[in-house]
Every structure is written in structure tokens, then in C-alpha cells.
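These figures come from a predicted structure and were not determined experimentally. Residue numbers start at 1 and run along the sequence shown. Note that these values count all heavy atoms, side chains included, but never hydrogens, waters or copies made by symmetry.
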Amino acid sequence: MRLSDLQIPRKWQTAYRSYQERTERIFAFYAAWLMLATILAYLFSRELRDAPSPEFWSIASLVRAPVYFSVIITLLAHYTGVPNWRPKVFLRMMSLSLMFSILSLFLIYARHWPEALSQVSEGLMISFFGVTLLATRGLRDWVIQFLTPLIIFGFVALLVEVPLTRLTPFLFGPSVMLIIGLVVSEIMRRLGKHQFLSEQEMKELATTDQLTGLLNRHAFLPMVSHAISRARREERERFCLIIGDLDHFKTVNDTHGHDVGDLVLRETAVRLGASLRQQDAVCRWGGEEFLILLPATSYDGAMEVARRILAAMSDTPVRCDDVSVQQTISLGLACFSEEDSPESLIARADLGLYEAKAAGRNRIGLVPAEEAVQAGSSLG
């Protein structure tokens, strides 16, 4: 697998940010429990490790306090939702508190218990590796999580008169671990991006019509159901559907061949998209049929969209090499009413399409909800 740093397409950037937040939220939760378990293990193994005397113990507890606080806040937020911060905030808070704690202990040991510096160096290696995995994703994070704390550490070491030359031998191992951690962190970041892109491509294949690039029926129906639920929940939220069918499309295939027919379908998708707003959705409903969802749209607004679509299709022929196809479309329009289900709303738009075809094609057909009920009864 190549681990080149792929760019996220603009259409997936919002989804990628959500993916990152979900991943960071899970990572923060497990990291908090792991940090808590590690701290408690060090705490209760003090005698086994020949840790400092009880007088020194209170100072160590003080510098560990930010770590306890950040871990508790992270777990509290996970289980209660308070505070409602972004997951990245908790990861940075835990990693910075860990850096503060271990670097402070390193200076304290250097002044008061230099013979135990190797023990703190081991903890420093673990901490550096943990911080890189916790919250380091790129140069900006590296500056926040490492460079800034290390500059402060060097400045404080000079203030308390701890020679850096005394600390250098004990910083070699942690520095190597820092480099390893940064490499592992970058690999994890790129693997996550590759995984996200693979998942999005698979979703797109499952929800997209491969010829036109539009949504397919499987992806579109849940959007209609959601629009109905929202309209019932918010009384002022109304929407409309438009179903379109290319006029005499079979003749295009029979006369010019399926390659030209495919081009007409793709060009239709482009012209439909150009006639709609960003919040509208269009799918290839099947064959030469297209279904359009117009959220927050009144009857008048839907009629205006339908007229734009008719003009977009009929005004300019579709050209393929030396072939020119004057392609038109017939439309059926239905606006949501309280009694509608997805099936009844689409069926009403389809009745409108039938009316448009019967009236001569290249026009808009509309069947109100009341007439659709009567038509259904008569057909039954």
C-alpha cells in the first residue's frame, strides 16, 4: 500500500472532518483510561521502583495533578456530555498535561535525586511516545505539543540552575522515542485518510449512478422520507418533487445508437444540476427518468424550477460529433401534503408526468393530492 498523503476532495471534506472527530472522540476515551491505569500503576509501585521518600512524594503529586484533572475531565465529558468540547481539545489537554508533569518531574529529580534520573528518563520515553500518538497530526500539532513545552523546559532548567549537559545523556532515549512516535503518528494519520477515502469511494459506488454521476434510487428514497419527517415536524417546512422523463428517448437510441443515448443522459444530468440550487437533489430514477427533490420550496418555486428545466433541455440541442439531438423532457410535479408517504408523493408526481405526456410532452403536469386520491380510486 502506498502511504502518500492524499488530498481529500472538496465534496468529502465535511464528511472527513466528522470522521476525524469520531476517531478522536474514541481515541480520547481509551487514552484517558490508559493514562489513568498507567498513573495508578506508577503510584502504587513506588516501593518496588525505589521511588523518592514521602517528603518528596507530595511534590510529585502536585506536578501530576494536571494529568489527573485532564483525565477526569475527559472521562466526565464522555459519560455525561459536559463539558461539550471538541475531542481534539481533550487530546491536547491530556498530552500537554502529561508533558508538563514528566518534564517537571525530570527537573525535580535532576535537582534533588539525580541518581534516579534514569528512572524518569524511562517515563519520559513512554510519555513522548504517548503524546505523539495522542495529539500530534502534522507540524502545527508538533509545535504545540512538543516544541513549545521543550523550549519552556530549557528556560526553566536555566532558571533553577540545572545544567542541560547533565540532562543530555538522559534525553537521548526519549528523543529517539519522540522521532519514532512522530513517524508512527504520521503513518496512522495517512492510514486513516486512506481508509476514509476507500470507504467514501465504496459508498459512492453504492449510491451513485455510474453513467450520469447522479444519486441512484437506493440513495434517494431515504432523502424523500427524511424530507417528509421534517415537514411533519416543522409545519412551515414544505417541499416538492419533480419527476422527469425524456421525450421519445427510445427513438434517439434506435436512430443514433446507445453511445449517443448515453451522451444525452449525461448531458441531461448536467443541465438538471445547473438548473437546481445547492440544497436540491436529483437522482436517476431509472432508464430515462429523473427524480428531483426541492426542499423548502413552495408550489410557485417548484414551477419556476420546472420551467428552467424545460428551457435548459429544449433551448440547446445535444451534440455528439456530427449528430445533433433536439431533446426535450416532460415533467410531473407534486408538492407535499400531510397525507403523503414517499410512495404516494412519488406516485402523484408520476401521475402529473402522465398528464404532461398525454397533453403533448415538453411541459409540466400537476395532479393535486385530492385528484390523485380520486384517480387511484377509479383505477382500483
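Atom-to-atom distance recorded for L103:CG and I152:CD1 is 9.5 Å, nearest 0.5 angstrom. Taken from CD1 in I72 to CG in L36, the straight-line distance is 7.5 Å, to the nearest 0.5 Å. Here the CG atom belonging to L272 is positioned 11.0 Å from the CG atom belonging to D280, to the nearest 0.5 angstrom. For the atom pair Q327 CD and L265 CG, the distance stands at 8.5 Å (nearest 0.5 Å). A distance of 4.5 Å separates CG of L345 from CG of D340, quoted to the nearest 0.5 Å. The distance from atom CD1 of I364 to atom CD of E355, rounded to the nearest 0.5 Å, is 14.0 Å.
When side chains are defined from C-beta on, L291 does not count as touching I242, because their heavy atoms never get closer than 4.5 Å. Contact annotation: the side chain of V264 approaches that of L246 to within less than 4.5 Å [non-hydrogen atoms, C-beta and beyond]. In this structure, L276 and L294 have side chains that are in contact, with non-hydrogen atoms separated by less than 4.5 Å. The closest side-chain heavy-atom distance from Q210 to T208 is below 4.5 Å. For the pair S104/V156, no side-chain contact is recorded, criterion being any heavy-atom separation below 4.5 Å from C-beta on. Side-chain contact between F100 and R64: absent, with no pair of heavy atoms (C-beta onward) separated by less than 4.5 Å. Residues I73 and M93 meet the side-chain proximity criterion, which asks for heavy atoms closer than 4.5 Å. For the pair T328/H248, no side-chain contact is recorded, criterion being any heavy-atom separation below 4.5 Å from C-beta on.
Between F29 and W33, the ring-plane angle classifies as perpendicular under the 30° and 60° cut-offs. Using a 30° and 60° split on the angle between ring planes, Y19 and F196 fall in the tilted class, from 30° to 60°.
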Quiz item: After noting the C-alpha distance and the side-chain angles of R86 and E21, does the key distance pass the salt bridge (charged side-chain N to carboxylate O under 4.0 Å, His left out) rule?
Solution: CA-CA 7 Å; R86 292 177 57 196; E21 285 209 4; 3.5 Å; yes
Practice problem: Report the C-alpha distance between Y30 and M35 in whole Å, list the side-chain angles of each, state the deciding distance to 0.1 Å, and finish with yes or no for side chain to side chain contact (heavy atoms under 4.5 Å, CB included). | Solution: CA-CA 9 Å; Y30 286 107; M35 285 178 63; over 6 Å; no
Exercise. For side chain to side chain contact (heavy atoms under 4.5 Å, CB included), just list the numbers for L76 and V82, CA-CA rounded to whole Å, side-chain angles, deciding distance to a tenth of an Å, and then say yes or no.
Key: CA-CA 7 Å; L76 186 67; V82 179; 5.9 Å; no
Self-check item: Evaluation steps, side chain to side chain contact (heavy atoms under 4.5 Å, CB included), between R307 and E304
Solution: CA-CA 5 Å; R307 294 188 190 101; E304 179 61 30; 3.9 Å; yes
Practice problem: Evaluate the criterion side chain to side chain contact (heavy atoms under 4.5 Å, CB included) for residue pair L197 and W12; output intermediate values, then yes/no. | Solution: CA-CA 9 Å; L197 289 172; W12 293 339; 3.8 Å; yes
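Remark: Y79 OH is packed, more than 12 non-hydrogen atoms of other residues, nucleotides or ligands lying under 6.0 Å away. Counting non-hydrogen atoms of other residues, nucleotides and ligands closer than 6.0 Å to CZ of R277 gives a total above 12. With a 6.0 Å radius and a threshold of 12 heavy atoms from other residues, nucleotides or ligands, R319 has its CZ atom at or below the threshold. Atom CZ of R10 is surrounded by 12 or fewer heavy atoms from other residues, nucleotides or ligands within 6.0 Å. Heavy atoms from other residues, nucleotides or ligands lying under 6.0 Å from CD of E161 number 12 at most. More than 12 heavy atoms of other residues, nucleotides or ligands sit less than 6.0 Å from atom CG of D315.
Between the side chains of E24 and Q20, no donor-acceptor pair of N or O atoms lies under 3.5 Å. A donor-acceptor pair shorter than 3.5 Å cannot be found between the side chains of R271 and T316.
The only member of R217, R284, R266 that meets salt bridge (Lys or Arg N to Asp or Glu O under 4.0 Å) when paired with D209 is R284. L331 pairs with exactly one of N362, L310, L366 by the side-chain contact (heavy atoms from CB on, under 4.5 Å) rule, that one being L310.
In summary, R361 and D245 do not engage in a salt bridge, as defined by a charged side-chain N under 4.0 Å from a carboxylate O. We find that R238 and E338 are joined by a salt bridge, their nearest charged nitrogen and carboxylate oxygen being less than 4.0 Å apart.
Transitive grouping of hydrophobic side chains (ILVMFWY, heavy atoms separated by less than 4.5 Å) keeps W85 and Y68 in distinct clusters. The hydrophobic clustering, which links ILVMFWY residues whose side-chain heavy atoms are closer than 4.5 Å, places L293 and W285 together. I102 and V162 end up in the same hydrophobic cluster when Ile, Leu, Val, Met, Phe, Trp and Tyr side chains are linked at under 4.5 Å. The hydrophobic clustering, which links ILVMFWY residues whose side-chain heavy atoms are closer than 4.5 Å, places F155 and L105 apart. No single ILVMFWY cluster, assembled from side-chain heavy atoms under 4.5 Å apart, contains both L333 and Y354.
A32 approaches V71 most closely through the heavy-atom pair O-CG1, 3.4 Å. Scanning both residues, F220 and A281, for their nearest heavy atoms gives CE1-O, 3.7 Å. The two residues L91 and A28 come nearest to each other via the heavy atoms CD2-CA, 3.6 Å. Closest approach of F239 to V224, counting heavy atoms only: CZ-O, 4.5 Å. The nearest pair of heavy atoms linking I292 to V282 is CG1-CG2, 3.7 Å. For F90 against A77, the heavy-atom pair with the smallest separation is CZ-CB, 3.3 Å.
By the disulfide bond (SG atoms under 2.5 Å apart) test, C240 pairs with C335, sequence neighbours left out.
Within the 3.5 Å criterion, the main-chain N or O of P295 finds a donor-acceptor partner in the side chain of T297.
Among pairs with a residue in residues 275-324, none fulfils disulfide (SG to SG under 2.5 Å), at least two apart in sequence or across chains.
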Result block: side-chain N/O donor-acceptor pairs under 3.5 angstrom for residues 249-261, not counting sequence neighbours:
unit_1, atom_1, unit_2, atom_2, d
K250, NZ, D254, OD2, 2.8
T255, OG1, T251, O, 2.7

